[in-house]
Student: 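Sharing a structure here in structure tokens format.
Small disclaimer: the values here were computed from a predicted structure and weren't measured. Below, read A as the first sequence line, B as the second, and so on, with proteins coming before strands; counting in each chain starts at 1.
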Protein chains: 2
Amino acid sequence: MGGVSAEPAKQTRRDQILAAAAELFARHGFHGVGIDDIGAAVGISGPALYRHFRSKDAMLGEMLTSISERLLDGGLNRVAASGDPARALRELIRWHVDFALDDPALITVQIRNLANLTDPDRRRVRALQRRYVEVWVETIRKTSPEVDEPTARAAAHAVFGLINSTPHSAHLDRDQMAALLSQMALASLSGALPVPGRVS
Amino acid sequence: MGGVSAEPAKQTRRDQILAAAAELFARHGFHGVGIDDIGAAVGISGPALYRHFRSKDAMLGEMLTSISERLLDGGLNRVAASGDPARALRELIRWHVDFALDDPALITVQIRNLANLTDPDRRRVRALQRRYVEVWVETIRKTSPEVDEPTARAAAHAVFGLINSTPHSAHLDRDQMAALLSQMALASLSGALPVPGRVS
DNA sequence: CGGTCAGGTTAACGCCCGTTTACGTGGACT
DNA sequence: AGTCCACGTAAACGGGCGTTAACCTGACCG
């Protein structure tokens, strides 16, 4: 090694492929996209992808794993960075909204293509997702102590659904969309759970 | 009504197949389910399905079309049956929540497998969905007149996402889940949009 | 009774598509 | 200069799966 700036070129290749594949998977579904389509999307054609990935399944696996990791890391960071629970909850919401608005394709793929994962990959992704949900559950329960855990979990999933709806609507400009989703998410939690974390 | 119970036998066959297929499609995705799997699920095997449907695509088409129709009809009825907009909105929410809780498989299929539809089928389904969204948009705008149409549409999609999250969480009993989702849905609309339809 | 028809069955066909193989080629390091 | 090796390509393979074909049956009806 010893190469100073050798990697970006190589890493970029894989990432470029993953990005293109994500876009295609989101639009047409995993099985609706051929290996040739993915290749064509990055200018090479067909089996050349096997220089970069072991299989088509491996692409999806890596894609979903990295999404789940990013989501979890971001969530943990936001919570750690903000002192009180109420603020943490607002930060979590903002984080998830930003993610969904910036990478709608990734959100779509993660939701729609869990079933197409290899068993071990699915286990990994599921585990990461569970931990992310737990971050939300804990934060929710700190702002609303008497909410029981199952309810908090269901509420968290509901908020994910709300925010992840973004790929289906989209025809608002980014800032308006972010504001709308954040407000709705916060309101759905504050207004519906016992002991709202906000106004009395 | 004269005829007591003549038709169910024949109609039941198709419907039985559609129900089984919906369950399977929801769990494994359209392409993850073979024609043989569907057959096995209703006790017959393989190509026998072609006595009832022209093709596998036709099954999905019929399935999604009927879901969209049921959703739209129910929505229209609920709105028509309830006088003022605020009440209509609550009825719409209840209707959608009940649907999602009673037929989670159908909800999942409708969301995840639009891409697998034939072009004409997709157009049909999309049109029905659009009309259903319009019902919501109109109701929302009647309760909150100064919300512009695009915002109302985005909010409607967000609420759908919230309610449709039900297949992913589920581990609450039905009534609690219904109450939670309804409250969150209403709160997300009331609390986030200008001129909430409820309190002050 | 003999014919029709709805509803099944199994076997075969044919295509699509992921994967493998065999083969080029240009740049980087010694 | 010679040698690797990362990166591509085009062609062939092979399995899975939707669909079709050919054939069977029992129920109903004239």
Side-chain angles (χ1 to χ4, degrees), chain A residues 1-22 24-25 27-64 109 113 115-122, chain B residues 3 5-22 24-25 27-64 109 113 115-121:
Chain A
M1 19 209 79
V4 180
S5 60
E7 323 142 351
K10 197 169 202 171
Q11 278 296 17
T12 291
R13 214 29 170 179
R14 285 179 67 89
D15 293 351
Q16 181 188 5
I17 293 171
L18 282 178
L24 290 171
F25 289 165
R27 207 179 343 267
H28 308 289
F30 183 68
H31 292 287
V33 177
I35 224 69
D36 292 342
D37 301 323
I38 303 174
V42 297
I44 68 185
S45 243
L49 296 170
Y50 286 79
R51 298 289 169 195
H52 304 275
F53 296 93
R54 201 163 59 271
S55 68
K56 193 188 174 194
D57 293 316
M59 284 189 228
L60 185 64
E62 190 160 324
M63 189 181 307
L64 290 197
V109 173
N113 298 80
N116 301 306
L117 280 176
T118 272
D119 280 337
D121 278 341
R122 180 166 45 247
Chain B
S5 61
E7 325 140 348
K10 198 169 199 171
Q11 277 296 17
T12 290
R13 215 28 171 181
R14 283 179 67 91
D15 293 351
Q16 182 188 5
I17 293 170
L18 281 178
L24 290 172
F25 289 165
R27 208 182 340 270
H28 308 288
F30 183 69
H31 292 287
V33 177
I35 224 69
D36 292 343
D37 301 323
I38 304 174
V42 297
I44 68 185
S45 242
L49 296 170
Y50 286 79
R51 298 290 169 194
H52 304 274
F53 296 93
R54 201 163 59 271
S55 68
K56 192 188 174 193
D57 293 316
M59 286 189 227
L60 186 65
E62 190 160 325
M63 188 181 306
L64 290 196
V109 173
N113 297 81
N116 300 306
L117 280 177
T118 273
D119 280 336
D121 279 340

Student: Has A:Arg13 got a side-chain N or O lying under 4.0 Å from the OP1 or OP2 atom of D:dG8?
Tutor: yes

Student: Please confirm whether the shortest side-chain N or O distance from A:His31 to OP1 or OP2 of C:dG18 is below 4.0 Å.
Tutor: no

Student: Just how far, in rounded Å, is P of D:dG16 from NZ of B:Lys56?
Tutor: 15 Å

Student: Please state how far atom CG in A:Leu49 lies from atom P in D:dA6, giving the value in whole angstrom units.
Tutor: 17 Å

Student: Do the side chain of A:Asp121 and the main chain of A:Thr118 share a donor and acceptor less than 3.5 angstrom apart?
Tutor: no

Student: To the nearest Å, give me how far apart CD (A:Gln16) and P (D:dC7) are.
Tutor: 12 Å

Student: Calculate the interatomic distance between A:Asp37 atom CG and C:dC16 atom P; express it in whole Å.
Tutor: 13 Å

Student: Of A:Gly46 and A:Arg51, whose closest DNA chain C nucleotide lies nearer the 5' terminus?
Tutor: A:Gly46

Student: Could you tell me whether a side-chain N or O of A:Arg13 sits under 3.5 Å from a main-chain N or O of A:His52, the two making a donor and an acceptor?
Tutor: no

Student: Between B:His52 and C:dG8, does any side-chain N or O lie under 4.0 Å from OP1 or OP2?
Tutor: yes

Student: Quick one: B:Asp57 CG to D:dC17 C1', roughly how many Å, whole number?
Tutor: 13 Å

Student: What are the two closest non-hydrogen atoms of A:Met59 and A:Phe53, and how far apart are they?
Tutor: CG-CG, 3.6 Å

Student: Which part of the nucleic acid, if any, lies within contact of B:Val33, taking any heavy atom under 4.0 Å across all strands shown: a base, the sugar-phosphate backbone alone, or nothing?
Tutor: sugar-phosphate

Student: Can you check the A:Ile38 CD1 to C:dG18 C1' distance for me, whole Å?
Tutor: 11 Å

Student: Whole angstrom is fine here: how far is it from CD1 in A:Ile35 over to P in D:dG14?
Tutor: 19 Å

Student: Rounded to the nearest Å, what distance is computed from the CD1 atom of residue A:Ile44 to the C1' atom of nucleotide D:dA6?
Tutor: 12 Å

Student: Got A:Phe25 and A:Asn116 here, is their nearest side-chain heavy-atom distance under 4.5 Å?
Tutor: no

